[in-house]
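Quick notes on the structure that follows.
All ligand and atom numbering here is 1-based and tracks the order in the structure.
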Amino acid sequence: MYPDLVVSGMRPTGALHLGHYHGALKNWIKLQTEYPCLFFVADWHALTTHYDDPSKIESSTWEMLIDWLAAGIDPSQSTLFIQSRVPEHAELHLLLSMATPLGWLERVPTYKDQQETLSDRDLATYGFLGYPLLQAADVLIYRASIVPVGDDQVPHVEMTREVARRFNYLYGREKGFEEKALDAVKRLGGKRARLYKELRTQFQEQGDVDALEQAKAMLDDVQNLSMIDRERLFGYLEGSRKLILVEPQAKLTATSKLPGLDGQKMSKSYSNSIGLREEKESLTIKIRTMPTDPARIRRSDIGDPDKCPVWQLHRVYSDSSTQEWVLKGCRTASIGCIECKQPVIDSILKEQDPIRERAQQYLDDPSLVRAIVADGCEKARKLAQDTMRDIREAMGLSYF
Ligand code: TRP
Ligand code: SF4
């Protein structure tokens with residue numbers, strides 16, 4: 001009933017690394033050609049863990065936006081904005097907080113996990129507990145149907161669905177809904193109206209999901225139906241509720257196979273990352289000094305690629321003939337590790353060339369980025385305000 005829309009965000013952590021690129025950005029770049037997309041900097045989310053040192057948020061925000069643009073997020077296809085510039089997110093977060101059980105938030109796995117991982121910080125805060133609810137508001141405020149995230153974020157999307165469902169249940173009552181829905185059924189015309197009622201009964205009495213889908217497909221096909229009637233007919237199918245918020249689906253980003261320099265997951269906090277726009281010299285040094293299979297002490301020692309993080313990079317960056325060359329050369333000690341690393345260096349540099357080039361124009365003229373973001377904030381805000389109007393009305397808050 002609402003058209004598909006993609007929403008996703010990232011906390012501003014400063015310059016992005018190749019893990020972000022292969023893990024999330026490439027996916028966003030593909031999605032922007034398939035759906036309308038909204039991508040935002042989750043600067044309030046950064047505050048939930050770094051409330052004691054907000055000084056880096058500003059520079060990290062702009063740096064990250066440049067990285068997005070440089071990587072290929074196209075502002076003519078995607079809307080780019082900053083969360084805190086759309087204060088409606090906060091209003092919705094507040095309203096949702098009224099009816100969200102504490103237990104839902106406490107049982108989100110990242111809550112306890114992060115408190116343990118970031119044990120140097122006091123995260124027994126109200127804001128941190130509310131992290132997933134703020135995230136729910138980020139998505140629900142656009143009635144987004146698709147949320148591309150990594151698997152660690154799936155519980156957040158699950159909770160978002162529960163929040164939407166609860167909201168629709170609590171506030172989706174419209175005065176005289178039943179009568180209005182029945183009038184809309186009449187307006188479908190005799191044959192369709194009969195089919196609609198039959199399918200609705202089949203779904204409601206026997207839980208026949210196929211009947212539900214068939215009815216929805218039929219409604220999709222009806223031409224001369226007003227938006228509001230369409231909405232009522234959809235709501236009436238599943239109960240006697242109006243659908244105000246949309247339950248989104250997580251779209252899993254295939255977990256990046258790209259390891260860090262030490263073979264562990266690439267992460268800034270492990271100091272094992274390669275920047276998305278790493279300088280040529282420092283990239284070369286980083287790869288040249290990467291650890292390899294510890295069994296290869298001398299050039300003449302044979303190695304096992306499966307014990308070497310460089311091989312993991314080859315798996316992402318090299319074609320099959322280069323991969324063959326590595327496997328064979330390593331296992332027979334016919335190539336040296338420095339030699340083996342060169343094609344990886346070359347491929348990464350080649351991948352980064354257009355990224356660096358695109359970044360340069362934004363670095364030269366930061367007002368370009370500001371203009372793109374100002375435009376994005378304005379667009380996002382309009383959408384958010386539309387939803388907030390419906391939400392306030394549903395909650396009985398539009399009396400002024
Ligand atoms: N929590 C997400 C992360 O750490 C960032 C985020 C905030 C987000 N709001 C969102 C992602 C809304 C998707 C949708 O990666
Ligand atoms: Fe690793 Fe290549 Fe050296 Fe083998 S030859 S240990 S794969 S760097």
Side-chain angles (χ1 to χ4, degrees), residues 5-13 16 19-20 23-25 27-28 31 37-49 64 81-84 86 89 92-93 108 110-111 113-114 128 130-142 144-157 159-160 248-253 259 261 263 267 287-315 318 322-345 380:
L5 183 79
V6 171
V7 169
S8 197
M10 266 188 220
R11 280 167 297 160
T13 48
L16 299 184
H20 296 115
L25 280 176
N27 198 29
W28 288 13
L31 282 170
C37 290
L38 297 163
F39 298 124
F40 68 95
V41 181
D43 54 347
W44 280 335
H45 275 108
L47 274 177
T48 63
T49 49
M64 190 163 83
F81 69 99
I82 298 170
Q83 183 186 38
S84 64
V86 187
H89 290 223
L92 181 55
H93 177 207
V108 170
T110 44
Y111 180 59
D113 290 355
Q114 290 272 73
F128 186 66
Y131 185 117
L133 193 63
L134 177 58
Q135 182 163 347
D138 294 337
V139 172
L140 297 175
I141 198 142
Y142 301 105
S145 47
I146 302 169
V147 187
V149 283
D151 48 10
D152 60 319
Q153 298 288 313
V154 170
H156 293 175
V157 181
M159 201 198 79
T160 303
Q249 297 278 358
K251 188 174 176 77
L252 263 187
T253 314
L261 294 165
S267 157
I287 307 269
R288 289 237 170 103
T289 53
M290 255 181 94
T292 59
D293 178 359
R296 287 204 80 180
I297 300 164
R298 279 171 304 245
R299 167 75 169 72
S300 55
D301 294 329
I302 60 163
D304 177 359
D306 286 328
K307 298 195 176 117
C308 176
V310 178
W311 167 240
Q312 298 305 319
L313 292 180
H314 273 294
R315 290 180 42 174
S318 297
T322 310
Q323 291 184 359
E324 279 301 309
W325 171 79
V326 173
L327 289 173
K328 198 155 159 249
C330 181
R331 287 175 183 146
T332 57
S334 63
I335 59 170
C337 289
I338 292 286
E339 203 182 342
C340 175
K341 288 169 170 178
Q342 193 57 44
V344 171
I345 298 176

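Of all protein heavy atoms, the one lying nearest to atom 4 (Fe) of ligand 2 is C330 SG, 2.3 Å. Nearest non-hydrogen protein atom to atom 10 (C) of ligand 1 is Q135 CG, 3.4 Å. The protein heavy-atom contact nearest to atom 1 (Fe) of ligand 2 is C308 SG, 2.3 Å. Remark: minimum distance from atom 9 (N) of ligand 1 to any protein heavy atom is reached at D138 OD2, 2.7 Å. The protein non-hydrogen atom at the shortest distance from atom 1 (N) of ligand 1 is Y131 OH, 2.7 Å. Closest to atom 5 (S) of ligand 2 among all protein heavy atoms lies R296 NH1, 3.1 Å.
In the vicinity of A42, heavy-atom distances shorter than 4.0 Å reach the ligand 1 atoms 7 (C). Interface of V149 with ligand 1, defined as ligand atoms under 4.0 Å from a residue heavy atom, comprises 13 (C). With ligand atoms numbered from 1 in the order given, ligand 1 contributes 4 (O) to contacts under 4.0 Å with heavy atoms of R11. Which parts of ligand 1 touch V139 is read off a 4.0 Å heavy-atom cut-off, strictly below it: atoms 12 (C), 14 (C). Short contacts between ligand 1 and V147, defined as distances under 4.0 Å to a heavy atom of the residue, involve ligand atoms 13 (C), 14 (C). Near D293, with a cut-off below 4.0 Å to any heavy atom, the atoms of ligand 2 are 6 (S). Atom numbering of ligand 2 starts at 1 in the shown order; those under 4.0 Å from a heavy atom of V310 are 8 (S).
Contact annotation: for T292 versus ligand 2, heavy atoms closer than 4.0 Å belong to the side chain alone. Both the backbone and the side chain of C337 come within 4.0 Å of ligand 2, judged by heavy-atom distances.
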_What verdict does the side chain to side chain contact (heavy atoms under 4.5 Å, CB included) test give for H156 and V147, after you've listed the backbone C-alpha separation in whole Å, the side-chain angles of each residue and the deciding distance to 0.1 Å?_
CA-CA 10 Å; H156 293 175; V147 187; over 6 Å; no

_Quick one, D152 with Q114, criterion side chain to side chain contact (heavy atoms under 4.5 Å, CB included). Give me CA distance, side-chain angles, the key distance, then yes/no._
CA-CA 11 Å; D152 60 319; Q114 290 272 73; over 6 Å; no

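At a cut-off of 2.8 Å, C340 is counted among the residues with an N, O or S atom near atom 2 (Fe) of ligand 2.
Between the side chain of K307 and the backbone N or O of D293, no donor-acceptor pair lies under 3.5 Å. Between the side chain of S145 and the backbone N or O of L5, at least one donor-acceptor pair lies under 3.5 Å. No donor-acceptor pair closer than 3.5 Å links the side chain of K251 to the backbone N or O of I146. Within the 3.5 Å criterion, the main-chain N or O of H314 finds a donor-acceptor partner in the side chain of Q323.
Taking all atoms of both residues into account, the shortest heavy-atom contact from I335 to C340 is CD1-CB, 3.8 Å.
Of the listed options A46, A144, P132, G9, G9 places a heavy atom closest to atom 5 (C) of ligand 1.
Counting heavy atoms of neighbouring residues, nucleotides and ligands inside a 6.0 Å radius, atom CD1 of I302 does not exceed 12 of them.
A distance of 8.0 Å separates CH2 of W311 from OG of S318, quoted to the nearest 0.5 Å.
Exactly one of H45, M159, Q153 qualifies for a side-chain contact (heavy atoms from CB on, under 4.5 Å) with P132. That residue is M159.
The aromatic rings of Y131 and F128 lie perpendicular to each other, with more than 60° between the two planes, well past the 30° mark.
At least one N or O atom of Q153, backbone or side chain, sits closer than 3.5 Å to an N or O atom of ligand 1.
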